[in-house]
2 protein chains.
Amino acid sequence: MIRVLIAEDQQMLRGALSTLLNYEEDIEVIAQANNGKEATELIHQLAPDVCLLDIEMPIKSGLDLAEEIFEAKSLCKVIILTTFARTGYFERAIGAGVHGYLLKDGPSEELAEAIRRVVNGQRMFSPELVFNQLKQDNPLTSREKEVLKLVASGLTSKEVSAHLFLSAGTVRNYMSEIINKLEAKNRIEAITKAKEKGWI
Amino acid sequence: MIRVLIAEDQQMLRGALSTLLNYEEDIEVIAQANNGKEATELIHQLAPDVCLLDIEMPIKSGLDLAEEIFEAKSLCKVIILTTFARTGYFERAIGAGVHGYLLKDGPSEELAEAIRRVVNGQRMFSPELVFNQLKQDNPLTSREKEVLKLVASGLTSKEVSAHLFLSAGTVRNYMSEIINKLEAKNRIEAITKAKEKGWI
DNA sequence: TTCAAGTAGTGACATTTGTCATGTGAAGGG
DNA sequence: CCCTTCACATGACAAATGTCACTACTTGAA
């Protein structure tokens, strides 16, 4: 019996999927989580064979969690299940050694099959992703990403500098460079573009 | 037997829901559509008792379709099923006389129950919506919304002013007032907040 | 070991943004 | 008719933002 945990904040989908998976004879959904933090605890307690993770969840994202699981060298296989075909997300997921990455756009029957495969040590990726991947990586350095994320959350340059213990001028230099790299007109466009590509 | 049509562009959810609903003894999913246009045709052909409509779909949105069904004085009951708790969407849906408005965030068991209710002539709304509705309507005037939307798309104040044939000062006054109304620190926060509430 | 990149900083400058006071005219409700 | 709200406008000022040039230290790869 394959023991599965589902982390997905959209209750309707979570409920529907777990009911469906439970109809499979070899699969049992042993836990459901509303967000990454809940999932972390449940994984520790129950050690499921497979985790189905949504990316965009409150508190802790599925990618954060996938990275933690990877760091911990856990035996639990991870399948990312998301709406977003953003290359940035996919890249990060690959970096975190996930075993599967499926789009919610795919057929629901595919899911049980994917679970069986990853348990078998195979990997399963939506073909759209693999295709998209063949270019466009994040041009921002890690420091630049940090700065842009804070700016995107509404902080002014000065506040960001206090946050990161940098001088105000440095932050403005970073922003200038970011705007330049992303070919944006100002920070607002930079934020939009970076989000679109999944770079922050 | 209640005959149901599902229009939802996210295949995974659509597949899962229709399988689930088909397990109910009194409900049968007679058609699935990928978008509003497909749904329109299927409704004409099959005259389902209930339509389950997602809002954000390609080609024609669920709200557009709901309005058409309403105009046509069709007997088909409409349930909107969406991720978005935006008051604007809800308002429009109420205007289109929908029989139910559920969030994908709700439990999946609720759905079959909601379908039975609306067939019975009752209505079914996610309580969150009704609650939100009574509070928070959009504090922005239509002009302010217009300005904020353009700013959110990355335009500078000057560009917005050219776009709307206003003086640059006026646009800055609007932005100042918007930032004030939304209790934001700057335009970036104002954009984020307005988007969160579904005000732009 | 040289070199490119990333990180961090300064100073100067122009532009954009945000705030305030203040004024006008139009529309709508009581 | 008065009062409020909205739309639109100015001018003035302070603060934030964006750009440039130039310096300096560290690190990893060729």
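Here is the naming used below: chain letters follow the sequence lines, and residue numbers restart at 1 for every chain.
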Original post:
Do any side-chain nitrogens or oxygens of Ser142(A) fall under 4.0 Å of OP1 or OP2 in dT7(C)?
Top reply: yes

**OP:** Tell me what Asn173(B) touches on the nucleic acid: a base, only sugar-phosphate, or nothing, going by heavy atoms under 4.0 Å.
**Re:** base

Original post:
Counting only heavy atoms not in Lys158(A), do more than 12 fall under 6.0 Å of its NZ?
Top reply: no

Original post:
What does Thr170(B) touch in the nucleic acid at a heavy-atom separation under 4.0 angstrom: a base, only the sugar-phosphate, or nothing?
Top reply: base

**OP:** Before accepting this row, confirm whether a basic side-chain N of the pair Arg14(B)/Asp54(B) lies closer than 4.0 Å to the acidic partner's carboxylate O.
**Re:** no

Original post:
Which heavy-atom pair separates Ala114(A) from Leu102(A) by the least distance, and what is that distance?
Top reply: CB-CD1, 3.7 Å

**OP:** Using only side-chain N and O atoms of Thr141(A), determine if any of them is under 4.0 Å from OP1 or OP2 of dA5(C).
**Re:** no

**OP:** Starting at atom OH of Tyr174(B), determine the distance to atom C1' of dC6(D), rounded to an integer number of angstrom.
**Re:** 7 Å

Subject >> Between P of dT17(D) and CD1 of Ile191(A), the distance in whole Å >> reply: 10 Å

Original post:
Any donor-acceptor pair under 3.5 Å between the side chain of Arg172(B) and the base of dT17(C)?
Top reply: yes

Original post:
In whole Å, what is the span from the CG atom of Leu164(B) to the P atom of dA7(D)?
Top reply: 12 Å

Subject >> Rounded distance (Å) that lies between atom P of dA16(D) and atom CG of Asn186(A) >> reply: 17 Å

Original post:
Are Ser157(B) and dT17(C) close enough that a side-chain N or O sits under 4.0 Å from OP1 or OP2?
Top reply: yes

**OP:** Return the 5'-most residue of the pair Glu144(B), Ile188(B) with respect to DNA chain D, ranking by each residue's nearest nucleotide.
**Re:** Glu144(B)

Subject >> Integer-rounded Å distance: dT15(C) P and Met175(B) CE >> reply: 22 Å

Subject >> dT16(C) OP1/OP2 closer than 4.0 Å to side-chain N/O of Lys158(B) >> reply: yes

Original post:
How would you label the contact of Ser176(A) with the nucleic acid (heavy atoms, under 4.0 Å): base, sugar-phosphate, or nothing?
Top reply: base

**OP:** Please answer: with hydrophobic residues joined when any side-chain heavy atoms are less than 4.5 Å apart, are Ile55(A) and Leu5(A) in the same cluster?
**Re:** yes

